[in-house]
Amino acid sequence: PCRPKCGIGVLPLVLGLLSVFALYHLTPKKASLKVSSQHLYSFEVVNEFPHDPRAFTQGLVYGGNDTLFESTGLYGQSSVRQVHLQTGQVQALHQMDGSYFGEGLTLLSERLFQVLWKTHTGFVYARSNLSNLGKFTHEMKDGWGLATDGKVIYGSDGTSTLYTLNPKTMKVLGKSTVTSNGYQVSLLNELEYINGEVWANVWMSDCIARISPSDGTVRGWVLLQNLRQTLLSSVPTEVDCLNGIAWDDEKKRLFVTGKLWPKLYEIELRPVK
Ligand code: DDQ
Ligand code: CA
């Protein structure tokens, strides 16, 4: 179920580029993950909320008080925004320079950390007003996902490596290779730290890997193909990949959305077996 299957469809032009990219990254070994001996989770939709269908969601984090912070990508459309959960309304917006492609986002000590695609750099913003507090460089292969346990920052770069970063310097403190039944899981994208695990969207799949950050082993898979299928049948717009996990630790609410998805869902997991 975790083979790549979500439609790209942002720009037909980009399809060619992406297939080359995907072919390069998806060797048969990585594409045919065996998940039989692990915990599999399906889901139930608890709530659905509006989501800006132009937001190419690359980072999502819950900020308390029914607000989310979101990083969006695409050149010329990248932003960091504060979004009201129930209405999807953008309450604060930091539009980025057209040469930046926004990626993962996390919130630590009243500051938002955002990485960018293909630059080895990122920005820090004040949570209060999204003002830019500075720029950092990092040593990951690229900037895809970010998350935090409140102490360290976790990072992904589209490979199978899960990084631990020092939030003061963004230097790499540690690395683990993410494996599922011994198979490397590549294309790790948007991240979220939930109850001791790092959850990762696997790019172009409808699946979330629940990773043990101590050794990189995948403890379970969340299978969301029906969620994107339901969305596709209910809206006239094109939607891109599942991307964006946010966890409200206070009320134990789990939110997911995707790139250009007109909806954001609150879901609850259901064990498949
Ligand atoms: N990433 O989110 C998987 C890290 C990157 C997605 C890039 C999607 C391509 C959009 C078009 C790029 C135009 C140069
Ligand atoms: Ca997240």
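One-based numbering, in listed order, for ligands and for the atoms of each. Treat the numbers as computed from the prediction; the structure is a model and nothing was measured.
Contact atoms of ligand 1 toward Glu103: 1 (N), 2 (O), 4 (C), 5 (C) (distance under 4.0 Å to a heavy atom of the residue). Annotation for ligand 1: atoms under 4.0 Å from non-hydrogen atoms of Lys259 are 1 (N), 2 (O), 3 (C), 6 (C).
The angle subtended at the Ca ion (ligand 2) by O of Leu60 and OE2 of Glu190 is 80°, given to the nearest 10°. With the Ca ion (ligand 2) as the vertex, O of Ile245 and OE1 of Glu192 span 70° to the nearest 10°.
Leu191 lies close to the Ca ion (ligand 2), since one of its N, O or S atoms is found at a distance under 3.0 Å.
Side-chain contact of Arg270 with Ser42: a donor-acceptor pair under 3.5 Å is absent, judged by distance alone. Gln114 and Ser71 share a donor-acceptor pair across their side chains, judged by distance under 3.5 Å alone.
Taking CG from Asp249 and OH from Tyr193, the interatomic distance works out to 9.5 Å, rounded to the nearest 0.5 Å. Taking OG1 of Thr57 as the start and CG of Asn243 as the end, the distance is 7.0 Å to the nearest 0.5 Å.
Using a cutoff of 4.0 Å between basic side-chain nitrogens and carboxylate oxygens, Arg81 and Glu70 are not scored as salt-bridged.
Annotation: Trp203 places no N or O atom under 3.5 Å from an N or O atom of ligand 1; distance criterion only.
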